[in-house]
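Here is the structure we will look at, set down as C-alpha cells.
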Amino acid sequence: MNKKKLVMIGNGMAGIRTIEEILKISKDTFDIKVFGSEPHPNYNRIQLSTVLQGDTTIENIIMNDWNWYNENNIELFTGEAITEIDTITKTVTSESGRVVDYDELIVATGSSSFILPIPGSDKEGVTGFRDIQDCETMIKTSKEYHKAVVIGGGLLGLEAARGLLNLGMKVDVVHLVPNLMERQLDETASSMLKKELEEQGMNFLMEKQTVEILGDERVTGLRFKDGSEVDADLVVMAVGIKPNVSLAKDHGIYVNRGIVVNDYMETSVANVYAVGECAEHREIVYGMVAPLYEQGKVLAEKICGRSPKPYEGSVVGTGLKISGIDLYSAGEIFDDKTTKSIKIHNEFEGVYKKVLIRNNTIVGIVLYGDTKDSTRLFRMLTKNEDVSGLNSGSILQSDTCTDEAGSDVATMAEDELVCGCNGVTKGAIVEAIRTNGLTTVDEVGGCTNAGRSCGRCKPMISEILAHTLGDEYDSSTATKETLCSCTTLSRDEVVAEIKEKGLMNMKEVMNVLGWKEEEGCSKCRPALNYFLGMIYPEEYTDDRDSRLVNEKMHANIQKDGTYTVVPRMYGGVTTAEDLKKIAEVAEKYNVPLVKMTGGQRIALMGISKENLPNVWRDLGMKSGYAYGKTLRTVKTCVGSRFCRYGTQDSMDLGIELEKKFERLDTPHKVKMGVSGCPRNCSEAGIKDIGFVGIDGGWEIYVGGNGGVDLRAGDLLATVKTMEEAMEITGAYLQYYRETANYLERTSKWLERVGLDHIKEVLADEQTRKELNDRINKTLERYTEPWKEALENKDILEKYYETRSIPVTVK
C-alpha cells in the first residue's frame with residue numbers, strides 16, 4: 001500500500017493534536033513529515049507561565065518527546081522553517097533548501113507576539129511571551145538585571161509579571177485602559193484582581209500608553225504619551241498575538257486576519273488545510289487551546305476520508321494561571337438592557353460571582369475567588385439550557401462555605417464537560433475508566449487527554465475516579481506520579497517489583513507487572529532499560545532499540561538533519577596525534593564546522609548520516625558521549641602543574657575521574673568540573689559534581705546546574721586525598737543511580753531527597769563501600785558499542801539502519 005504524503009508546517013499544539021487524531025483513525029494511511037521553526041519537540045505552550053513562575057520545568061511541559069515521533073514514523077525537522085509553498089507542483093521548500101512533496105498539506109504556523117510598532121521596540125531586552133526562547137530570555141535576564149516592565153494587563157501579561165516576580169525582579173505592569181483583563185472581567189472582578197496582585201508585589205501603571213522605549217542598544221526605560229517615564233531593564237510585550245499568515249498569503253492562499261478556512265478547515269486551495277491560531281473560521285481567530293483541538297479533530301476526520309460534523313465555532317472559558325488567584329469567565333461579561341444578572345459579592349471572603357441570562361439561557365459567567373461552579377455553568381451556557389424553571393440558588397451556589405458545593409460528580413450529567421481544553425466529558429472519562437481499568441489521574445489523561453493542558457480539571461478527574469471506582473478507589477495512588485501511562489506503578493514501585501520478582505528483561509517486566517501497552521512506550525522503554533541495567537549490571541544485556549534516538553546513532557542529531565561527532569578528550573587534555581586525526585577527518589569529509597565545546601572537547605559538526613561509521617573508523621578514538629545519559633565531561637583547569645595559584649593537581653584528578661566513570665549509565669547526563677584552587681576557572685561550582693582544590697585537599701560540591709535553571713552546588717564533603725575524592729564520588733554517583741527518577745538531573749534529585757540525607761548515607765563507611773562495590777561491578781561490564789560495530793560490518797550496518805529523524809536533542 002502506497003502511503004499518501006502528508007506534510008505539516010508547524011509543530012505546535014494544534015498541529016500535533018491533529019496528527020494524534022489522524023493516528024487514532026489510521027496509523028498506516030500517511031507518510032508524515034513535520035517542519036517546526038523551534039528547536040524543540042511539541043510542548044504545552046499554555047504552561048510556559050508555570051515554567052516562568054518556577055512551578056515546573058521545560059522538560060515537564062514536553063507533550064510529545066523525540067521518541068514519539070520516531071515510534072510513529074514521523075519525520076520531524078526542527079529549527080527549519082518552510083519558506084516556499086508551490087500549490088501547483090504540490091511541494092514545500094524549507095529555509096535550508098530541502099524540497100518535499102505532499103499530497104495533503106496542513107498549515108499550522110500558529111501565532112506570534114504582537115510587538116508594538118514604537119521607537120525602540122527592536123532594542124536588546126525587549127521580548128514577547130510566546131515560546132520557550134522568550135521564557136529563557138526572561139529567566140536569563142533576571143540573573144543580571146532587576147527591573148522589568150510588562151506592557152499589557154491581560155491574561156498573558158499578568159502571568160508573565162507573576163513569573164518575573166518569582167524570579168526576583170521588581171515588576172511594573174503597564175495597561176492602556178482602567179481595568180485589568182477587561183475582555184474577561186467586569187469592573188468589580190477586575191478591581192478585586194488588581195488589589196490581590198498588588199498584595200503579591202505587582203505595581204500597576206494604568207491608563208498609560210507607551211510611545212517610546214528608551215536606551216541605546218539595550219532598553220533602559222519607557223516613555224508614555226503623557227510625558228512620564230519609568231525605568232526598565234527588561235520589557236515584555238503582552239498586548240496580543242498576530243496569526244502567522246505571511247507564508248500562506250505569499251503563495252496564493254486566501255488570508256484575511258488569519259488563513260480563511262471553511263467548516264472542515266479547508267483553505268481556498270485544494271488539498272491545503274489550516275488549523276490553530278493561524279486559521280480564521282467565520283471571521284474569528286481563536287487563541288485558546290480548546291477550540292484549536294476541536295478544529296484538529298474535525299480536520300483529522302476530513303483528511304482521513306470520513307464525514308465529520310462541521311466545525312461551527314467555539315465558546316471559550318478563561319482562567320488565570322497564577323498561584324493564589326482563582327478566576328473564571330466565559331461568554332458575555334457586561335450587563336445590558338437585554339440581560340438579567342444574578343450576582344453575589346462577598347467582600348469579606350473575596351468572592352464575586354455573576355451570571356448573565358438572556359431569554360432564559362445563560363450567556364455569560366464571571367467568577368472570582370470561587371470557581372467550582374465553572375464547569376457546570378459553562379455546560380449550561382454552551383448547551384443553551386433553559387433555566388426558567390430554576391431559582392437563583394440552583395443556578396449559582398451562594399453558600400461559599402459549603403464543602404464541595406456544586407462539585408458532586410454523582411449529579412453531573414454524562415455530557416457535562418470536565419476538561420474544557422480537550423473537550424472531554426464526564427461520560428467519556430467514566431467509560432475510559434471502566435473499559436481500560438484506569439485508576440489514576442495520569443492514566444485518565446493518557447487515555448482521554450483530560451488534564452493534559454492547563455491541568456485545572458485534575459481535582460475533578462480524581463473525584464470522578466473515586467465515584468466510578470467506589471471501594472476500589474485508592475486516593476493515595478490516584479494522583480501519584482506513575483512511570484508512564486502504561487502502568488499504575490511509580491518509579492520506586494517498578495524498581496522494587498523488578499528486584500523482588502527477579503524480572504530480568506523488559507518483556508518480563510511488562511508481562512508480570514501488567515503493562516497496558518504490550519510493547520511499552522517512548523517514556524517507559526528507556527527508563528526500564530536503565531533500571532534493569534542498574535539492578536543487574538552483570539546479567540542484563542542492554543537493549544539498544546530502547547535507547548533514546550541520539551544514543552542509538554552515537555552522535556547528536558542536529559536541526560538540519562546532520563550529526564555532530566564528539567570524540568573523548570580526558571579532562572580536556574589531548575595530544576598532537578589525536579589533533580592530527582581530527583584534522584584529517586574534518587578535511588576528508590568536508591566537515592563544515594569544527595568547534596571547541598564548553599566541555600573542552602572538539603566537535604565535528606554537520607556530518608551526514610551515511611558518513612558516521614567511516615568518521616568513527618577513521619578517528620579511532622573513543623566517543624565523548626556528548627549525547628548520552630552518562631558522564632559527559634570533566635572540565636579542568638591546568639592546576640598546580642602550571643598555574644601559580646594552583647594548590648592541587650586538577651588535571652590529574654579530572655582525567656582519573658573521566659577514565660573511571662566514562663560510559664556509566666546514569667538517570668540523566670552528568671557533568672563534572674575540577675578546579676585547582678578556589679578561583680574556580682573550571683566552573684566546578686555549577687556542575688553535577690565539582691571539585692575545588694584547597695590547601696591540604698579538596699572540597700566536593702554537588703547538585704550544581706549551569707543551564708536555564710541555574711543552581712550553585714552544595715558542599716558535600718572536604719577530603720584530603722584523591723583516593724578519598726574518588727571514593728566519595730563513586731558512592732554518590734551510585735546512590736544517585738539507585739534512587740533518582742529516570743531523566744532527573746542531580747540538582748532536582750538532591751533537592752528532592754535532601755543534602756542532609758545524602759550526607760547521612762555517605763557518612764557510613766560500610767554503606768560507602770557497598771555503593772562503590774556496586775558501581776565498580778557496573779563499570780566492569782561496559783564496552784564501547786561503536787568500537788564493536790567498527791570491528792563487525794554487520795553490527796555496524798544494523799546500528800545505522802535506524803531511520804534518521806532530523807531533530808535537535810539537548
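Only a predicted model underlies this, so the values are computations on that prediction, with no experimental measurement involved. The residues of the chain are indexed from 1 along the displayed sequence.
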Looking only at side-chain N and O atoms, does [Y] offer a donor or acceptor that is under 3.5 Å from a partner on [X]?
X    : Y    : answer
T50  : Q47  : yes
Y732 : Q734 : no
R632 : Y625 : no
D134 : T127 : yes
S675 : S682 : yes
K660 : N776 : yes
D131 : Y43  : no
Y570 : E662 : yes
D695 : T647 : no
E724 : T721 : yes

Answer yes or no: is there an ion pair linking [X] with [Y], defined by an N-O contact shorter than 4.0 Å?
X    : Y    : result
K147 : D172 : yes
E683 : K635 : yes
R768 : D764 : no
E738 : R774 : yes
K501 : E497 : yes

Are [X] and [Y] close enough that some pair of their side-chain heavy atoms sits under 4.5 Å apart?
X    : Y    : result
L755 : L750 : yes
T564 : I607 : no
M651 : R641 : yes
V219 : E124 : no
M138 : L164 : yes
E744 : R752 : yes
V594 : M605 : no
I700 : T718 : no

By the definition side-chain contact (heavy atoms from CB on, under 4.5 Å), identify the one residue from D688, L631, T636 that meets it with M672. L631
Hey, what do you get for [atom1] ([X]) to [atom2] ([Y]), rounding to the nearest 0.5 Å?
X    : Y    : atom1 : atom2 : result
M169 : D233 : CE    : CG    : 5.5 Å
R679 : C643 : CZ    : SG    : 7.5 Å
T739 : R737 : OG1   : CZ    : 11.0 Å
E500 : E493 : CD    : CD    : 11.5 Å
L657 : M726 : CG    : CE    : 4.5 Å
N203 : L197 : CG    : CG    : 12.0 Å

Can you list everything that forms a side chain to side chain contact (heavy atoms under 4.5 Å, CB included) with Y736? Sequence neighbours excluded, please. T666, P667, H668, V670, A740, T746, W749
Residues in side chain to side chain contact (heavy atoms under 4.5 Å, CB included) with D65, at least two apart? I62, N67, W68, S522
[atom1] of [X]: more than 12 outside heavy atoms within 6.0 angstrom?
X    : atom1 : answer
E539 : CD    : yes
E217 : CD    : no
E770 : CD    : yes
E765 : CD    : no
K170 : NZ    : no
E656 : CD    : no

Over all heavy atoms of both residues, which pair between [X] and [Y] is shortest? Give the atoms and the distance, please.
X    : Y    : result
L771 : A731 : CD1-O, 3.6 Å
K523 : L483 : CE-O, 3.4 Å
Y536 : L503 : CE1-O, 3.0 Å

Can you check whether G624's main-chain N or O pairs, donor with acceptor, with R601's side chain at less than 3.5 Å? yes
The test is salt bridge (Lys or Arg N to Asp or Glu O under 4.0 Å); show your working for K622 and E658 and say whether it passes. CA-CA 12 Å; K622 289 186 177 182; E658 193 162 359; over 6 Å; no
So, using side chain to side chain donor-acceptor pair (under 3.5 Å) as the criterion, who are the partners of R525 when residues are at least two apart? D543, S546
Once you measure the plane-to-plane angle for Y735 and H757, does it fall in the parallel (<30°), tilted (30-60°) or perpendicular (>60°) bin? tilted
